Amino acid sequence: MKKFILKKEEPKIRPEDYSIPYSELLNNEQLKAVFFDKGAALVIAGAGTGKTRTLIYRVARLVESGVDPSEILLLTFTRRAATEMLNRASSVLDDRCQKVKGGTFHFYCSHILHRFADKIGFPDNFTIIDTSDSLEVIQFVRTSLNLHKKNKRFPNKSTLLNMISTSVNKHLDLRVVVMEEYPQFYEQIENIEEVAKGYAEYKEKNFVMDFDDLLIKTKQLLEQHNDIRIKVATSHKFVMVDEYQDTNQLQADLTRLFSSVHNNIMAVGDDAQSIYSFRGADHQNIMAFPGLFEQTYIIKLEENYRSTPQVLVAANNLLKQASFKFDKELFSSKEEGELPALVQAPSEHDQSRFITQVLLQLREQNIELNETAVLFRNGRDSYDLEVELNRKNIPFVKYGGQKFTEAAHIKDVLAHVRVLVNPMDTIAWNRVLMLIDGIGPKTAQDLFEWIRLAKNPYDLGMADVVSKSYIKQMTSLSILLQSLKKNDLSVSEIIDELVGYYRVFCEKRYDDYPKRLKDLEAFVNISTGFSSLSKMLEELALDPIAATAVETEEKEKEEAPLILSTIHSSKGLEWKHVFIIQCLDGIIPSAYSVDDPEQLDEELRLLYVATTRAKDMLYYTYPMLAQSVYGDYFTNPSRFLKQLDENTAEKWQLEEERVESIGGSATNENLLNS
C-alpha cells in the first residue's frame, strides 16, 4: 500500500487577526523582534530598552500564530526570570504560554541528562553537587594525595576549583589556565592535574555532577550521539536565549546544538553589559554571533524607558570609549533631568558624609531610602560608608551574602536527603556520619567503604568495620533512613522526620540554634512544593533560595532600607537616585586590568552598567586623598570620567559649613554642602 504524507500547513495570520494589539504596545524595533519569524536574529538590547517585554511578546506572538508552545525553548540565566516571563506572557495571551520550555542552561541540560543518563554511563538518579560540595570533594582529593602537607605553597581548594572550572568553561587546557592566570603555581602543574583527575574520577565513581558537568556532558551527548541531537533539536522549533552576552563558550556551543535542526534562533543581549568574565562569560560570544549563524538579522533596541536624557548622554559617552562593541546610541522620550554630578570629596570619610547627608535630604523630599542605591566595584569599598550610615541610624541592606541552602544546618539536612536519593554520595555520607559523636574522617571513610558494597546500605547496624560503640550511636540514624526508604511519605513528611532527628545535633552545635531551628521549620514548609526528593535536590542546587527565613520575615513599621550593592550584583535593577562611589583609577578600572585592552573594556562596561541603573539622578563620587599602610596619598579619578565634559556631568564642590560660635568667632561643623 502506498502512503502519501500530508504536510502540516503553517498557519498564516495577518497582523489584524491577532488578539493582542502589538503595534500599539511596542515600538518599531521591538515589533521587528516580536514578528521576526524564521532564521537567526541577534537583538542588541541596550539598558532599559524593554528587552524582557520584547521577549514576552515574542513568546505570546509565536503561540498566538499557532506554534506549539512545547516547541519553543526559552533559556534564561535564572529560573525565576523564565517563570516570570512565562507568567507575564500568559497574562497578555493565555495559559498556553506556560507550556513553553523555559529555564537556565543548567536546568535544561539536567533534564536532558536525566532522560539519556544511560548513554553517559550514569544512573538516572545521579545527584547534582553545588559549589560548597565541590570544594569538599576537592579537599578530600587534595588530602588523599597528601598535597596538603607539601613544603611548597599549594593552591587551596577554592583556587583549585576555579582552575578546573575555568579550564572547562573556556575550553582551555588546564596547563594553559595555570600558566596564564596562576603562574605562581605552574611548577606544581603535575600535582594540580592529579587533583583535577581525582576530582573527575570521584564524580564518576559516586554518580554526582557539578554545574560544569551538566553543560559539558550535554554537549558531549549531543555531539557524540547524532540521533539524540536530532531528537532533541527537532523538539525546538524556536530557540530564544536571554542575556546572551553572559554565555560562556559551552553555552554558546549548546545554543548552536539546540537549534541545529530548525535553525530558528534568537539571541537577546547587550554587549555593553558583558561584565561576568570572572564567571567564564565570554564577551566574544555575542560579537561572534552573526558569524556563527548565517544571514543573522540584527535588531537594535535603543529607546530607553528608564533614565532621563542626561543620564543616557553620560552612558553613551562612556560607551564611545569601548574598543569592542556594536554601535548604538541610547535615547529617551522622558522629561529633561539634572546633569549627573561629579563629586570630588576631600577624603573617603567626607565622601561618606556627603552621601548620608544627601540621603537625609532626599528623605525629606519623600524619596524612600529603597529608591536609592550606592554602587561600588568591590565589597570593601563601602566599609567607611557603612560605619557612617550606622552612626546616622540610616538602615541599609548590602547585596550578597550566604544563600539559604548554603547555610550549614540546611546542608546537614540536605545531606540526609542526598544519601536517600543516591547512597553512593560519599560527601553526603561523610557529613551525615560525622554529626555523630566520636566519628571522624577515618571512621566515616571505613563506613562508606562498607556502604558501597552492602546489600542494604542503610542497615548500618550490620557494619563490621567500626567498633560496637559507634554502631549503638548509629542505630537511630539507621532506623530513620530505613523507615524513610520503606514508607510512602510525602517530601515534606520526610523533611519533617529528618529535621526532628537533626534537632539534637543543631542544639548541641550552634549557639544561635533557635534561629536555625526557625530556618528548619521554614524548610519543612518550603518542601511541600516538591513532588519528589530528587526533584527538590535538583531544583535547590540549580536555583538556591536566596535568604534565610529569619532574614526575610517582615518587620512591621520598619523603614525600607537603602541599597548597597556591588555593580555586578546591581545588573538588571534600577533606582531613582544612584551613587557610584570610589570612582578611582586602580578601583574602576581595576589596577589589574589597565595593561589588557579586553579587561579594560570590561571595566568600562562595568561603569556603564552602574550608570544605566539610575532613573532620575546620578552621582559619581571619589576622594582626593586616600589612605594606605604607607600613609596618605593623592588619588587619580577614573580615566573613564575624563571623557565626561561640562555638558555631560556637573562638577560639585564640597565645602564645610561655617557656623558662628556663641562668642562670635567662626567655627567648622561637620556638615557638607554641594
Side-chain angles (χ1 to χ4, degrees), residues 77-78 104-110 113 120 122 126-143 145 147 154-186 188-221 243 245-255 274-285 400 402-403 405-406 427 538 541-544 568-569 592 598-599 602:
F77 270 75
T78 65
T104 64
F105 277 93
H106 293 93
F107 177 77
Y108 190 59
C109 286
S110 170
L113 292 174
I120 56 170
F122 271 68
F126 70 81
T127 48
I128 300 166
I129 56 174
D130 63 16
T131 302
S132 59
D133 295 325
S134 294
L135 290 171
E136 284 190 49
V137 177
I138 293 280
Q139 185 60 27
F140 172 78
V141 173
R142 188 174 181 265
T143 303
L145 293 171
L147 295 172
F154 192 70
N156 63 30
K157 58 187 179 182
S158 295
T159 304
L160 288 164
L161 184 60
N162 285 338
M163 289 173 174
I164 295 166
S165 185
T166 301
S167 169
V168 171
N169 282 298
K170 292 190 175 181
H171 279 202
L172 293 172
D173 186 270
L174 186 58
R175 286 179 175 253
V176 173
V177 172
V178 176
M179 174 65 81
E180 290 185 353
E181 299 188 25
Y182 305 92
Q184 69 273 30
F185 293 121
Y186 193 74
Q188 308 258 27
I189 187 61
E190 290 182 4
N191 288 324
I192 292 169
E193 288 179 325
E194 278 296 303
V195 173
K197 181 183 174 186
Y199 178 55
E201 288 174 349
Y202 171 91
K203 291 183 292 179
E204 295 281 342
K205 184 178 179 182
N206 293 285
F207 305 135
V208 297
M209 293 190 201
D210 63 18
F211 294 153
D212 293 336
D213 292 326
L214 296 175
L215 303 184
I216 198 163
K217 288 186 183 296
T218 303
K219 177 176 180 284
Q220 289 170 349
L221 174 74
E243 304 285 13
Q245 78 281 350
D246 294 335
T247 55
N248 60 32
Q249 187 57 55
L250 273 172
Q251 290 162 332
D253 292 341
L254 287 166
T255 299
S274 179
I275 58 173
Y276 295 117
S277 65
F278 67 95
R279 293 182 190 164
D282 189 347
H283 177 253
Q284 282 304 310
N285 284 351
Q402 189 180 58
K403 289 182 165 49
T405 43
E406 291 172 355
I427 293 299
E538 183 174 324
L542 294 173
D543 192 17
H568 284 103
S569 296
Y592 299 107
E598 287 193 16
Q599 285 190 32
E602 178 157 336

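As the structure is a prediction and not an experimental result, all values here were calculated from the model.
Expressed to the nearest 0.5 Å, how far CD of Q188 lies from CD of E194 amounts to 12.5 Å. Distance check: E204 CD to E201 CD gives 9.0 Å after rounding to the nearest 0.5 Å. Note: D173 CG to S167 OG = 6.5 Å, rounded to the nearest 0.5 Å. Atom CD1 of residue I138 and atom OG1 of residue T159 lie 10.5 Å apart, to the nearest 0.5 angstrom. Atom CG of L161 sits about 10.5 Å away from atom OG of S132, to the nearest 0.5 Å. Atoms CG and NE2, on L250 and H171 in that order, are 4.0 Å from each other to the nearest 0.5 Å.
Between S165 and N162, the side chains place no donor N or O within less than 3.5 Å of an acceptor N or O (distance only, hydrogens not considered). A donor atom on one side chain and an acceptor atom on the other are found under 3.5 Å apart for E243 and Q245.
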Review point. For K217 and M209, what are the C-alpha separation, side-chain angles and deciding distance, and is it a side chain to side chain contact (heavy atoms under 4.5 Å, CB included)?
Key: CA-CA 9 Å; K217 288 186 183 296; M209 293 190 201; 3.8 Å; yes
**Study point:** From CA spacing to verdict: side chain to side chain contact (heavy atoms under 4.5 Å, CB included), L145, N191
**Key:** CA-CA 9 Å; L145 293 171; N191 288 324; over 6 Å; no
Practice item. Walk me through it: do M163 and E181 pass the test side chain to side chain contact (heavy atoms under 4.5 Å, CB included)? Key: CA-CA 9 Å; M163 289 173 174; E181 299 188 25; over 6 Å; no
Check your understanding: So E193 and R175, salt bridge (Lys or Arg N to Asp or Glu O under 4.0 Å) or not? Walk me through it.
Key -> CA-CA 8 Å; E193 288 179 325; R175 286 179 175 253; 2.9 Å; yes
Exercise for review: Could you walk me through whether V208 and Y202 pass the side chain to side chain contact (heavy atoms under 4.5 Å, CB included) test, one step at a time?
Suggested key: CA-CA 8 Å; V208 297; Y202 171 91; 4.1 Å; yes
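Proximity of Y186 to I192: side-chain heavy atoms (C-beta onward) are nowhere separated by under 4.5 Å. Looking only at side-chain heavy atoms (C-beta outward), Q251 and K219 stay at 4.5 Å or farther from each other. Between D210 and Y199, some side-chain heavy-atom pair lies under the 4.5 Å cut-off. Side chains of T247 and F105 form a contact here, defined as non-hydrogen atoms less than 4.5 Å apart.
Within a 6.0 Å radius of CD in E190, other residues, nucleotides and ligands contribute 12 heavy atoms or fewer.
When all heavy atoms of N285 and N248 are compared, the pair lying nearest together is ND2-O, 3.0 Å. Residues L214 and L113 approach most closely at O-CD1, 3.6 Å, considering heavy atoms. Taking all atoms of both residues into account, the shortest heavy-atom contact from D246 to I275 is OD1-N, 4.4 Å. Pairing each heavy atom of F126 with each of S110, the nearest pair is CZ-O, 4.5 Å. Minimum heavy-atom separation, I128 to F211: CG2-CE2, 3.8 Å. The heavy-atom pair separating Y592 from Q599 by the smallest distance is O-OE1, 3.6 Å.
Relative ring orientation between H568 and Y276 is described as tilted, the plane-to-plane angle lying within the 30° to 60° band.
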